[in-house]
Amino acid sequence: MRGPGPHRPHPTHGEPPVTPDQALAVADDLADPTDPRRPTQSPWWALSLAHGAPGIALLHAETAAAGLRPWKRAQDWLTAAAGTAVSAAGGTGAFYGAPALAHALAAVDTARPGSYRRALAVLDTQVAAHALRRVDAAQARLRAATLPHLAEFDTLRGLAGVGAHLLRRDPGGRAVRAVLSHLVRLTEPLADEEGPVPGWWSPTGPSGHHDPEFPGGHGNAGMAHGISGVLAALSLAAVREVAVPGQTRAIDTIRAWLDAHRLDTALGARWPYLLTRAEQAAPPAPELLRHAGDRRRPSWCYGTAGIARALQMAALARGDERGRHEAETALLGAMRDTRRRALTVEGSLCHGHAGLARICARAAADADGPNADPLRAMVPELLDAAHPPADARPGLLEGAAGIALAVLAGTGVPRTGWDTCLLIT
C-alpha cells in the first residue's frame, strides 16, 4: 500500500454508478491466470494477497459462491498461486506467502467446506510455526529494550495480521495465544535516550527508513501499518472470547492513546495519521499537526475510517456503549464531510471508496442505535464512486479485483468472508 502522499483532483465526478454487472465484467477480464497482460513472471505475483494471484482468486471464489460464475476460475487461480514454492520465511505476513495463500483457500472453504482440507492443514502448520518464530524474534527485541519496526506488528506484514488469520483458523491454538500475548506486551511503554514512548513507537519514519521529518521516530495510528491494526486484532479476539492475560488493559491503553490524540472538529472526531516525537510529548493545536486527520483522506489504511472501525470493535469488546457510539459517530461524520471525502481520489480497498464502503457496511452491522441506518445508507453512495481507472491494477488491495468484491458485497456479508483480511470483522 502507499503511505500518505499528495492528492489529485477527484476523477470520478459525474460518472455513472458501478454496477454488479461491471464487477462481473472485471471477473471475466481476470478469468485466465496465464493472461500475458499479468506480471506472472514477477517473483511476488503468485503469493501476494495484496497485488497478485491469491487476491484475484478471492474474486472468483466470491462470484462462484454466489452462483454467478464457475468454480473452475477460482481453482485455476489457486493452482497458479500454489504452483510456486510457498514461503513462510521472514518476509512473510498476512498479505504475502503462506498466510496469504491460506486466506484465499480458507475463503473457498467457507463457501465449500472441505474443498482444500489437506492443503489448508499443511498451510495452517506452516503459518503457526511462522508466527511462533516471529514472536520469538519480537521477544528477543524486547529483551534488548529496542523499539520495534512497523513490520513486527502491523496488519499487512506483522503479527496483527497473522494473529487475526490464526484467530479464524485455530482460535484455541498455542500460536494465536503467543501472538496475542506479544501484542499485549507491545502496549507497555519503552524508553530510549530521548525518553519514554509507547511500546509500539517506531524508531524510523513511516517508510521504514530514518527520515529527517521524524528525527525521533514516529507513532503510527493507522489500520494497515499502525496501532489500530493491533487494536483490531486484540478486540476481535476478545469478542470471540479468546483472551490472554493483560488483553483488556492493552485494549484500553491503545484506546486511551488514540483518545489523547483525537482531533475534535465541527464535523466530528478525527485522528492524525502519524505523530512525531514532539507531538507525542505535547500534542499541539490541531492546525499545527503536519499529519492531521482533518487534512487527510479518511481511508482504511490510514485515517479516520479505519481507526474508527477499530475503536468501534474495541468498544464492543469492552461492552462500552458510549465508546461504540462515539466511534460510529466519528465514522459517519468523516463520510459526510464532503471536503475531506473529496481527498479520496480512487476506488481501491486500501485508500479508496471501496474500502470506505466495506468499513461502513461492517460498522453498520455492529451498530445498535441511530447510526446504523445512516452508515448503511452511505455504502451505495461510496460504491457509486468506486470506479477503477482503465489502467487499474488487477489485484485486491489497490486494484480492480478489490473494487469488484466490494461492489458485489454491497451492504451485506461476503459469502466467502474475504474481507476478514482487512481486520474489520
I'd like to know if the side chain of [X] reaches the main chain of [Y], judged simply by a donor and an acceptor atom lying under 3.5 Å from each other, with no hydrogens or angles considered.
X	Y	answer
His103	Trp418	yes
Thr155	Met223	yes
Arg324	Asp368	yes
Arg341	Met335	yes
Gln312	Ala363	yes

Is the closest basic N to carboxylate O distance between [X] and [Y] below 4.0 Å?
X	Y	value
Arg38	Asp29	yes
Glu188	Arg249	yes
Arg376	Asp373	yes

Partners passing side chain to side chain contact (heavy atoms under 4.5 Å, CB included) against Arg322 (at least two apart in sequence or in another chain) = Asp320, Glu326
query = What residues, two or more places apart in sequence or in another chain, satisfy side chain to side chain contact (heavy atoms under 4.5 Å, CB included) together with Asp252?
reply = Thr248, Arg255, Arg318
task = Apply the test side chain to side chain contact (heavy atoms under 4.5 Å, CB included) to residues Leu58 and Leu49: give CA-CA distance (whole Å), side-chain angles for both, the deciding distance (0.1 Å), then the verdict.
result = CA-CA 9 Å; Leu58 291 178; Leu49 181 64; 3.8 Å; yes
ask   = Where does the angle between the aromatic ring planes of Tyr302 and His225 fall among parallel (under 30°), tilted (30 to 60°) and perpendicular (over 60°)?
value = tilted
request  = Evaluate the criterion salt bridge (Lys or Arg N to Asp or Glu O under 4.0 Å) for residue pair Asp136 and Arg133; output intermediate values, then yes/no.
outcome  = CA-CA 5 Å; Asp136 285 345; Arg133 289 194 298 271; over 6 Å; no
ask   = Who passes salt bridge (charged side-chain N to carboxylate O under 4.0 Å, His left out) against Arg277, sequence neighbours left out?
value = Asp192
